[in-house]
Enquirer: 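Mind looking over this structure? Questions follow.
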Amino acid sequence: MNGPAPPAITLGDNVVYPLSLADGGVLLVDGGPDFDLADGEPTWAAAVRQARALGFAPDDVSVVLVTHAHIDHAGLVSRWAAVGARILVGAADVPAVRAGRASNEAQREPRFAELRRHGCPDDVIARLAALRGTRALRWTPCPREAMDTVTRERDLPLAGGDTLRVIPAPGHTPGNLVAFVPERGDLYSGDTILPTTIPTPGLHFPTAVDAELEGGVNVDAPRWPSLPPFLRSVAALRALAARRVLPGHGGVVDDAEALFERFAAHHARRARQVRRALAAGPTTAHAIARGMFPRLPAERIGQAMTEVIGHLDVIAEQGAAVAAARGGIIEWRAAST
Ligand SMILES: [Zn+2]
């Protein structure tokens, strides 16, 4: 048995977990998204209301642990910082939290350019560019002075004697963090492990947004290969033998091992599919994704390509695939052994 369900603040699709610290403050796992709920209530007001119902005030929140710098997890951190919270952020995610919504905008052009390099046709990219999925979400930049950077595991004492271990788990973002309470076997997973979907490895250009740069955008930022570290992070978390997973979206999962097994099986299957495509001759990430998902609508091909590119990164790291640019397009083939 895992004991009672933990208290949680629910803001749209996102879950924010409050934990009592040994020093009397409250730590939140994630800051939550900033938008107006269907009934018009801003999520900040909903968070304050739910906090009060759980027995604490907004200014009791002394720490917000940002699992990763995505708009739905970090959108409200500037509000928590304004009422006195310290914001814990993985080092590589600090520029994005500091830039807020501008970090999303800065990733757009490098992402489209990368999809184009990997064989995505221009008309498909134009359709992807027309999608503005997070338009309704706000993300106010968080002042650097309010942030504490996490570069390695860190233990925070909880009320009652338990420990919250903050663990860098790069993958879903470069500075992605999770947290584990060894005494309870609870893993606060953010979006690293989710109950009903396999999280995307994404296409990341961590230096695309740079608050030191005038205008803030570095268009030549290199891509950070995300899936190899993502798979290593998840394997390391699996070895913790967590009893339950408390994810950033959806409910608590009491069979943590089943989630890890589903994640591993999914990526093993994808790796086999990509290797098979490579064995058939030189090809692009776009052609591989099209072959794997022939009926996928154009609007979703970017996501499929992201996963394929991730597996090409993994296979290349293993020395089994090589890339060569031809006419500005990256072609992949199996490495001759
Ligand atoms: Zn999320």
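Both counts, for ligands and for their atoms, begin at 1 and track the order of listing. Not measured: the values here are computed from a predicted model.
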Enquirer: What are the protein N, O or S atoms, given as residue plus atom name, that sit under 2.8 Å from the Zn ion (ligand 1)?
Expert: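 N, O, S partners closer than 2.8 Å: Asp72 OD2, His73 NE2, Asp191 OD2, His249 NE2.
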Enquirer: To the nearest 0.5 angstrom, please state how far the CD atom of Gln50 sits from the CZ atom of Phe56.
Expert: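 Gln50 atom CD to Phe56 atom CZ measures 9.5 Å (nearest 0.5 Å).
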Enquirer: Can you list everything that forms a side chain to side chain donor-acceptor pair (under 3.5 Å) with Arg333? Sequence neighbours excluded, please.
Expert: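 Side chain to side chain donor-acceptor pair (under 3.5 Å) check on Arg333 returns nothing, list empty.
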Enquirer: Among Leu177, Thr173, Val150, which residue satisfies the side chain to side chain contact (heavy atoms under 4.5 Å, CB included) criterion with Asp93?
Expert: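 Going through Leu177, Thr173, Val150 one by one, the side chain to side chain contact (heavy atoms under 4.5 Å, CB included) with Asp93 is satisfied by Thr173 alone.
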Enquirer: Out of Leu164, Val166, Val178, which residue meets the side chain to side chain contact (heavy atoms under 4.5 Å, CB included) rule with Tyr188?
Expert: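 Per the side chain to side chain contact (heavy atoms under 4.5 Å, CB included) rule, the option paired with Tyr188 is Leu164, out of Leu164, Val166, Val178.
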Enquirer: Take Asp191 and His249 through the side-chain hydrogen bond (donor to acceptor under 3.5 Å, both in side chains) test and state the conclusion after the steps.
Expert: CA-CA 7 Å; Asp191 286 358; His249 302 270; 3.2 Å; yes
Enquirer: Any Lys/Arg nitrogen of Arg138 or Asp36 sitting under 4.0 Å from an Asp/Glu carboxylate oxygen of the other?
Expert: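 Judged by the 4.0 Å cut-off on N to carboxylate O distance, Arg138 and Asp36 do form a salt bridge.
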